[in-house]
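Scroll down for the structure; my scribbles are underneath it.
In what follows, chains carry the letters A, B, and so on, assigned in the order in which the sequence lines appear, proteins first and then strands, with residues in each chain numbered from 1.
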There are 2 protein chains.
Amino acid sequence: MVVEAPAECCSLAATPIGAADAECLAKRLKALSDPTRLRVLSHVAAQGCEAVCACDLIEVLDISQPTVSHHLKKLVEAGLLTREQRGRWAHYTVVREAFTELHQFLDLR
Amino acid sequence: MVVEAPAECCSLAATPIGAADAECLAKRLKALSDPTRLRVLSHVAAQGCEAVCACDLIEVLDISQPTVSHHLKKLVEAGLLTREQRGRWAHYTVVREAFTELHQFLDLR
DNA sequence: ATCTTACATTGACGACCATCGATGTGACGG
DNA sequence: CCGTCACATCGATGGTCGTCAATGTAAGAT
């Protein structure tokens with residue numbers, strides 16, 4: 001599942017958004033609306049340009065491995081993270097453009 | 001239900017956020033993660049400083065009145081809108097500070 | 001006082017979601 | 001080839017959510 005960008009990189013303050021754009025933005029925001037996912041994302045983002053492997057997250061967040069895997073998948077599907085396989089490890093990096101779009105949308109004028 | 005501000009107005013890119021801040025931010029973002037609610041919010045925001053009454057939203061969005069009322073309540077509870085009663089009408093306005101906080105949080109450096 | 005209008009609340013229903021244990025998979029080491 | 005490690009997937013469970021019809025409520029109009 002891939003989330004396409006809204007028709008125009010709209011702002012909340014501009015003319016009311018259409019149903020299609022709302023649907024697409026809601027998917028991105030839904031991926032952000034879980035506390036565990038925010039913490040996962042925060043750990044990856046705090047690493048800057050360095051990719052983070054999943055095993056680190058299991059230790060730090062103290063939740064089960066399937067749950068971490070589940071959340072990482074959701075974040076990748078929402079286009080907020082990218083996944084890169086290196087041997088047996090999976091490394092994750094933040095997609096900056098996705099946040100730029102959200103950032104613009106949340107900007108009231 | 002009121003959403004308190006996170007301990008420090010943190011950014012995703014700073015040091016990993018704690019569980020409490022994540023919980024609080026997730027509540028705000030959850031209120032934004034529904035397409036109907038985004039459209040409601042967008043209609044109010046597009047009105048600028050003018051307050052918007054609920055009856056307008058029912059017409060424009062073509063959803064039932066209880067559903068509009070439900071979403072408006074969620075948005076107020078999340079601190080994203082304020083409600084003001086004027087006679088029989090309820091008027092809603094955007095809380096700009098709430099969006100400023102989210103805006104800062106989504107800013108990667 | 002009665003009726004209407006604008007909106008909130010309730011209750012119910014179906015859909016979705018976060019979590020975890022169990023299990024599968026593919027890469028690497030010996 | 002076999003065991004281990006890192007991770008994905010599956011299935012089940014308990015909880016949450018969006019939606020609407022029905023009903024309640026409070027303010028203004030007649």
Side-chain angles (χ1 to χ4, degrees), chain A residues 1 3 19-20 22-44 47 50-78 80-93, chain B residues 1 3 19-20 22-44 51-78 80-93:
Chain A
M1 185 236 297
V3 181
E23 199 87 35
C24 145
L25 279 161
K27 278 182 189 163
R28 279 254 168 85
L29 289 163
K30 186 163 290 179
L32 284 172
S33 71
D34 177 84
T36 306
R37 227 132 56 205
L38 282 180
R39 297 184 66 200
V40 167
L41 206 49
S42 171
H43 270 88
V44 177
Q47 214 61 25
E50 290 292 314
V52 174
C53 92
C55 54
D56 296 337
L57 299 169
I58 300 173
E59 286 182 20
V60 177
L61 297 179
D62 193 40
I63 50 183
S64 77
Q65 177 267 322
T67 303
V68 171
S69 194
H70 166 73
H71 286 307
L72 285 169
K73 186 178 184 183
K74 290 266 182 180
L75 289 168
V76 169
E77 283 174 349
L80 299 172
L81 288 183
T82 52
R83 195 188 112 105
E84 182 199 356
Q85 189 85 30
R86 298 188 200 163
R88 329 185 234 192
W89 291 274
H91 289 244
Y92 293 88
T93 322
Chain B
M1 185 236 296
V3 181
E23 198 89 34
C24 146
L25 278 160
K27 279 182 189 163
R28 278 253 168 85
L29 289 163
K30 186 163 291 177
L32 284 172
S33 71
D34 177 81
T36 306
R37 226 133 55 204
L38 280 180
R39 297 184 65 202
V40 166
L41 206 49
S42 171
H43 270 89
V44 177
V52 174
C53 91
C55 54
D56 297 338
L57 299 170
I58 301 174
E59 287 180 19
V60 177
L61 298 180
D62 193 41
I63 50 182
S64 77
Q65 177 267 320
T67 303
V68 171
S69 193
H70 167 73
H71 286 307
L72 285 169
K73 186 178 183 182
K74 290 264 183 181
L75 289 169
V76 170
E77 284 174 349
L80 299 172
L81 289 183
T82 51
R83 193 187 114 104
E84 182 198 355
Q85 189 86 29
R86 299 188 199 164
R88 333 185 232 193
W89 290 275
H91 289 244
Y92 293 87
T93 322

Euclidean distance, [Y] [atom2] relative to [X] [atom1], rounded to 0.5 Å:
X      : Y      : atom1 : atom2 : value
H91(B) : L81(B) : NE2   : CG    : 13.5 Å
K30(B) : R37(B) : NZ    : CZ    : 10.0 Å
I63(B) : H71(B) : CD1   : NE2   : 5.5 Å
L61(B) : T67(B) : CG    : OG1   : 10.5 Å
D56(A) : C53(A) : CG    : SG    : 4.0 Å
H43(A) : Q47(A) : NE2   : CD    : 9.0 Å

How far apart are the closest heavy atoms of [X] and [Y], and which atoms are they?
X      : Y      : answer
A31(A) : A78(A) : CB-CB, 3.4 Å
V68(B) : A54(B) : CG1-O, 4.4 Å
L72(A) : L57(A) : CD2-CD1, 4.0 Å
A22(A) : P35(B) : CB-O, 3.6 Å

Rounded to the Å, how far apart are [X] [atom1] and [N] [atom2]?
X      : N       : atom1 : atom2 : result
H71(A) : dC7(D)  : NE2   : P     : 16 Å
I63(A) : dG21(C) : CD1   : C1'   : 15 Å
E84(A) : dA6(D)  : CD    : C1'   : 15 Å
E77(A) : dC17(C) : CD    : P     : 10 Å
L75(A) : dA18(C) : CG    : P     : 10 Å
L61(A) : dC7(D)  : CG    : P     : 13 Å

> Which letter, B, S or -, goes with each nucleotide of nucleotides 1-13 of chain C from 5' to 3', with contact meaning a protein heavy atom under 4.0 Å?
Replying inline: ---BBSBBB----
>> At 10 degrees resolution, what angle do the end axes of the helix from dA1(C)-dT30(D) to dG30(C)-dC1(D) form when each is taken over five base pairs?
In response: 20°
>> Please check if the number of heavy atoms outside Q85(B) that lie under 6.0 Å from its CD is greater than 12.
In response: yes
>> Near DNA chain D, counting only heavy atoms under 4.0 Å, which residues of residues 29-42 of chain B show up?
In response: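 Heavy-atom cutoff 4.0 Å gives K30(B), D34(B), T36(B), R37(B).
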